[in-house]
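Here is the structure we will look at.
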Amino acid sequence: MGAFKEPHGGELKDLYLGEAEAEQEKQRGRDYKSWDLTDRQVCDIELLLNGAFSPLDGFLTEAEYDAVVKDMHLPNGILWPMPITLDVTEEFAGSLAEGETIALRDKEGVLIATLEVSDNWTPDKVREAKLVFGSEDVKHPAVNYLLNIARPVYIGGKLKGVEAPVHYDFKALRDTPAEMRARFKKLGWRKVVAFQTRNPMHRAHQELTFLAAKEHEANLLIQPVVGMTKPGDIDHYTRVRCYEHLLEQYPEQTTGLSLLNLAMRMGGPREALWHALIRKNYGCTHFIVGRDHAGPGNDSNDEPFYGPYDAQEMMKEYADELGITMVPFQLMVYVEERAEYMPIDQTTDDQTVLNISGTEFRRRLQQGLEIPAWFSYPRVVEALRKSYPPRHKQGVTVFFTGLSGSGKSTIANALLVKLLETGDRPVTLLDGDHVRKTLSSELGFSKEHRDLNITRIGYVASEICKNGGIAICAPIAPYTSTRRAVREMNEAFGGFVEVHVATSVEVCEQRDRKGLYAKARAGIIKEFTGISDPYEAPENPEVYIDTADLSPDLAAHRILVKLESMGFLR
Ligand code: PPS
């Protein structure tokens, strides 16, 4: 393989206007209708404008979309496997005249590009899901996006780039295809093997990529995706710090790192072709395709969406049209007897083969367990441990729910004091009564206001949780769906422990410490929980407390024990 070929179908695109023209377009853009780009669309437009998606010169038209969806080629016969579409609301699409130019803006209102709308149509999304992703199961992240998140109408047309989407992080590691090609030229890198990843890289990846480059006498470009990856993946800030440490493991001057702001679809075989074409546009000559490339995991029946080597098969099928050479790889495993990594198909039955799956690796991180030296590098593990500390260093929200006067506040206070005594982590108590005087002082007790109140408490707790603290919340929180939403909000950052203080309404009324039940019975207080307003008891709380047989001290102790058994306290 010699010098770089032109991208399939001709020139590398650069859809940006020159400086003066961009300025004029910006002025004109003030009169255009504006569409605020979604996160996915911002990723797509960046790679359309900078030529990473060459030969596309805009969001697909209807004819292009049909051709790409049906047989992975543009109407002019050029291979393009992934529909890059601009989805908008019916309302917005309906407001457009034929041939109208619109302004595409980022979240801050910055004009990124203008689009001359040539097409406006309502796609058959189920058909798109089946043909492009081979499934209509919403467990596939791209199918879910298509059917549940993407807007109903597509508009297509040519783009004029005004300003590249801004990135404040890792600026020095972001390149356009033209910049990358220029860098390769300057360095004299005539053959470059590209490696795509959305995960942290460990020793197996280092060995695999190094071997691939060595076999092809090429340089190596590690080009991780930092746009949108699979939900639940390790955040890109942490990953990039890991990649930077990993670079130290390659011989000097052989390997480069560049970040790709791609919104992945997890589309398996079709996605592999797409990734390869993008790398070709970046000037790479070879592309590594391993096991289960861009795999979305299992479907609703727990069956994999794609076979482990489907992507490699499809790459072989289209080898002539791709113009970039696939470097296929089997799973790399560690062979204990040889103290080295090998592709699994080269190992023999009598060898001890070691591997740690992604799930097992996350379990070890979460529990602060040992990660062996054969698996990763100390600095990579250290960077991961810092961002993903073990449970006893993560934030946690203890969320009490129960009737007024059930004893929530008393137990919550006892728990607060016990946690402060250990001095382990910062603790904040968000008591129902107190929140009502501060954060939610303007709210009443309608369902809408109660939901708003609980959502606010949940949000504050999730921020505390995100930063490693312990949030204790003690509102009534009478509605199951709102409590579930708060749980989800918090579990994204740490632990969530629901405590149902299940004192019956009869006991609460008998105690009536604040005299509120009497007032509620007399109709002086309206919408009073348990009397004239509903309380939906939790079905599966982490802790169930009946204050009839447990003192506040013992109740708080039981919660501490629960936190310990879940790994949140040591
Ligand atoms: S909610 O439903 O979660 O938003 O309620 P919360 O914010 O916890 O507020 C409950 C406290 O407000 C007092 N109070 C009432 N409670 C229930 N229903 C009505 N109508 C009502 N009006 C005032 C009551 O003192 C609650 O405090 P606690 O600490 O729960 O007894």
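Order of appearance sets the numbers: ligands from 1, and atoms from 1 within every ligand. The residues of the chain are indexed from 1 along the displayed sequence. Here the structure is a predicted model, which means the values were calculated and not measured.
Among protein heavy atoms, the minimum distance from atom 3 (O) of ligand 1 is reached at Ala477 N, 2.8 Å. Looking from atom 2 (O) of ligand 1 to the surrounding protein, the closest heavy atom is Arg450 NH1, 2.7 Å. In this structure, the protein non-hydrogen atom closest to atom 12 (O) of ligand 1 is Phe445 CZ, 3.4 Å. Among all protein heavy atoms, the one lying closest to atom 24 (C) of ligand 1 is Leu516 CD1, 3.6 Å. Regarding atom 31 (O) of ligand 1, its nearest protein heavy-atom neighbour is Ser404 OG, 2.7 Å. Considering only non-hydrogen protein atoms, atom 29 (O) of ligand 1 sits nearest to Lys514 NZ, 3.3 Å. The closest protein non-hydrogen atom to atom 10 (C) of ligand 1 is Ile476 CD1, 3.5 Å. Shortest contact from atom 30 (O) of ligand 1 to any protein heavy atom: Lys408 NZ, 3.0 Å.
Close approach of ligand 1 to Ile454 is summarised as follows: ligand atoms under 4.0 Å from at least one heavy atom of the residue are 3 (O). Using a 4.0 Å cut-off to heavy atoms of Pro478, the atoms of ligand 1 that qualify are 2 (O), 3 (O). Atoms of ligand 1 found under 4.0 Å from any heavy atom of Glu527, numbered from 1 in the order shown, are 18 (N), 19 (C), 20 (N). Near Lys526, the atoms of ligand 1 lying under 4.0 angstrom from a non-hydrogen atom of the residue are 20 (N). Interface atoms of ligand 1 facing Pro475, defined by a heavy-atom separation under 4.0 Å, are 3 (O), 8 (O). For ligand 1, the atoms lying closer than 4.0 Å to a non-hydrogen atom of Thr529 are 17 (C), 18 (N). Residue-ligand proximity, Gly405 to ligand 1, at heavy-atom distances under 4.0 Å covers atoms 31 (O).
Taking the six-membered ring for Trp and the full ring otherwise, the centers of Tyr145 and His140 sit at least 6.0 Å from each other. Taking the six-membered ring for Trp and the full ring otherwise, the centers of Tyr517 and Phe528 sit less than 6.0 Å from each other. Between Tyr154 and Phe59, a ring centre-to-centre spacing not shorter than 6.0 Å is recorded.
Remark: distances from the non-hydrogen atoms of His449 to ligand 1 are all 4.0 Å or more. Heavy atoms of Asp433 approach ligand 1 to within less than 4.0 angstrom. The shortest separation from a heavy atom of Asp533 to ligand 1 is not under 4.0 Å, leaving the residue out of contact.
In this structure, CD1 in Ile278 is found 8.5 Å from CD in Gln223, a value given to the nearest 0.5 Å. Note that the NE2 atom of His236 and the CG atom of Asn261 stand 8.0 Å from one another [nearest 0.5 Å]. Taking CG of Leu260 as the start and OG1 of Thr197 as the end, the distance is 12.0 Å to the nearest 0.5 Å.
Contacts of Ala412 classified as side-chain contact (heavy atoms from CB on, under 4.5 Å), with partners at least two apart in sequence or in another chain: Phe400, Leu429, Ile472, Ala474.
Between His500 and Tyr544, the ring planes are perpendicular. Angles over 60° get that label, and only those under 30° would be called parallel.
Using a 4.5 Å cut-off on side-chain heavy atoms (C-beta onward), Ile457 and Tyr459 make no contact.
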Please lay out, stage by stage, how Phe496 and Phe399 fare under the test ring pair (Phe, Tyr, Trp, His ring centres under 6.0 Å). CA-CA 7 Å; Phe496 188 80; Phe399 192 92; 5.7 Å; yes

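In this structure, the side chain of Arg239 engages the main chain of Ile234 through a donor-acceptor pair within 3.5 Å.
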